[in-house]
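Report on one structure; see the data block that follows.
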Amino acid sequence: MAQSEDSKNPPQQNDEAVTVNEVTMDGGTVDFRDRSGIVSGNVYRGGVIRGDKQLTVEGQVVGVPESRCSIEMGGNIQIENAAVGARISGRNVVIMGNADACQIQADNDIEIHGNFTNGQVVLGSRSGDIRRVNQLRIEERLADLRVNELKVQTSLAARKFIRDYPQVDLRMGNILVPQRRDLRVDLRQFYNAVETADVDKVDRALEEFYMRVVVGMLTRNNKNYISRNPSRHKIFLKMIEELRKHMLKIRELDKYQERVRILRRDNHELLESLKNPDQPPQFRVGGTVGGGVIVRFFRLKGFQETPSNTVEIDRETTEARVVSLENNEGLTLEITSPDGEKSVQKIEGNTLSNGKFVPSGDSIVWRPVT
């Protein structure tokens, strides 16, 4: 839930997002955390917004260079009106009005429907995805450690059943298979019979399956063993409880092994998308681009694993500066390639209006939208 120090403007929750009326410097930081956010009014000078998901600002973002508004979200950001004097960072950023004196950074695309003046944009940083890659690798490592711990625990317990209960018949199809040194427990047949992928429902079904099916079958298989000596009944009940705990431990091991598999798959897919993006980022402007605007595109390269099992990713930068020529003779693009080489592109028609900046090799080009 969002946190705000402005008691006059507390966040209000609905089913889809958390809503605040306005954001001011006096109101303190508004942190939407793991919920999407809506600002129904304006964001004023010095206002700060953070969060992990999406954000919609239905009013304006009104800061000044000396006291900028700051918006940093993990998901997409949409500002329904103008933005002035703001630092904005998100996955994709859309500003429906004009943007002036703004510093905007996006993992992917930026779109300004109005004019853009006196600002800077940075595209293609993929910072959220890079953080996610490293988080997935950390989660995978921790899950893998737990798998190894559980393998040791279940291996010791499996040998104990053969050693402590040599006269008990522990056979049950392919699920319980006594071997020379240990008891093999394989729950795949049970999983195939359960018609759900819901983890909690599978856990509950296993408890019910054990009490109704496993205990019933083992009791029938060992009826003669139990009936010959009253003390064996207590031994059998002790074995039943230990086997229950063992099967639940096997279930936990299976869950962690599946988690490792999923984390490894997601990590691989995300890393591949970083190395080979489907399409390059773009910066679209529906209005006019003024002089003094700086556009930077990041390209990811040099993926390296660290000793701590995280990934460090080198970036190379291509930059375009929009320069106004003297005597109102139009605009040029001053391009700086990743290796520092500079070039100048004359702008046809002496104006940048209704088009987009896109990376092209080691350069940046402006393409009018027809």
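Everything numeric here is computed off the predicted structure, so don't read it as measured data.
With values rounded to the nearest 0.5 angstrom, I250 atom CD1 is found 8.5 Å from M247 atom CE. Interatomic distance, R264 CZ to R259 CZ, rounded to the nearest 0.5 Å: 12.5 Å.
Minimum heavy-atom separation, P281 to D109: CA-OD1, 3.2 Å. A17 and R35 make their closest contact through O-NH2, 3.9 Å (heavy atoms, listed as atom of the first residue, atom of the second, distance).
Note on L331: it clusters hydrophobically with I112, by side-chain heavy-atom contacts below 4.5 Å among ILVMFWY residues. In terms of hydrophobic clustering, with Ile, Leu, Val, Met, Phe, Trp and Tyr side chains grouped at heavy-atom distances under 4.5 Å, V322 and I104 are assigned to a common cluster.
Look at D203 and R251 and you find a salt bridge, because one of the NZ, NE, NH1 or NH2 atoms lies within 4.0 Å of a carboxylate O, short of that distance. No salt bridge links E242 with K245; every basic N to acidic carboxylate O contact stays at or beyond 4.0 Å. A salt bridge does not link D254 to R188: none of the charged nitrogens lies less than 4.0 Å from a carboxylate oxygen. Electrostatic pairing of D362 and R299 counts as a salt bridge here, judged by a charged N lying under 4.0 Å from a carboxylate O. Using a cutoff of 4.0 Å between basic side-chain nitrogens and carboxylate oxygens, E252 and K255 are not scored as salt-bridged. Taking the charged nitrogens against the carboxylate oxygens, D198 and K201 have no contact shorter than 4.0 Å, which rules out a salt bridge. A salt bridge links E258 with R261; the closest basic N to acidic carboxylate O contact falls under 4.0 Å.
Side chains of S231 and N229: a donor-acceptor N/O pair is present below 3.5 angstrom, by distance only. In this structure, a donor-acceptor pair under 3.5 Å is present between the side chains of D182 and Q179. No side-chain donor-acceptor contact under 3.5 Å links Q105 and Q103. When only modelled atom types and interatomic distance are considered, N222 and D169 share no side-chain donor-acceptor pair under 3.5 Å. Side-chain contact check for D26 and T24: no donor-acceptor pair (N or O, by modelled atom type) lies under 3.5 Å.
With sequence neighbours left out, E66 forms a salt bridge (Lys or Arg N to Asp or Glu O under 4.0 Å) with no residue at all. With sequence neighbours left out, F209 forms a ring-ring contact (aromatic ring centres under 6.0 Å, His included) with F190.
Residue H113 forms a side chain to side chain contact (heavy atoms under 4.5 Å, CB included) with just one option from I79, I95, N354, V94, and that option is V94. Among the candidates H268, E269, K275, the single residue satisfying the side chain to side chain contact (heavy atoms under 4.5 Å, CB included) test with L271 is K275.
At least one side-chain heavy atom of L176 sits under 4.5 Å from a side-chain heavy atom of V185.
Ring geometry, F161 versus H246: the interplanar angle falls from 30° to 60°, so the pair is classed tilted.
Other residues, nucleotides and ligands place no more than 12 heavy atoms under 6.0 Å from the CZ atom of R181. Counting non-hydrogen atoms of neighbouring residues, nucleotides and ligands closer than 6.0 angstrom, the OH atom of Y165 exceeds 12 such neighbours. The local environment of CG in N174 is sparse, with at most 12 non-hydrogen atoms from other residues, nucleotides or ligands closer than 6.0 Å.
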**Criterion side-chain hydrogen bond (donor to acceptor under 3.5 Å, both in side chains) on S337 and D339, from CA distance to verdict** = CA-CA 5 Å; S337 68; D339 58 9; 2.4 Å; yes
**Request:** Could you give me the CA-CA distance, side-chain angles and deciding distance for K356 and E111, then say whether salt bridge (Lys or Arg N to Asp or Glu O under 4.0 Å) is met?
**Result:** CA-CA 9 Å; K356 58 186 178 182; E111 185 174 340; over 6 Å; no
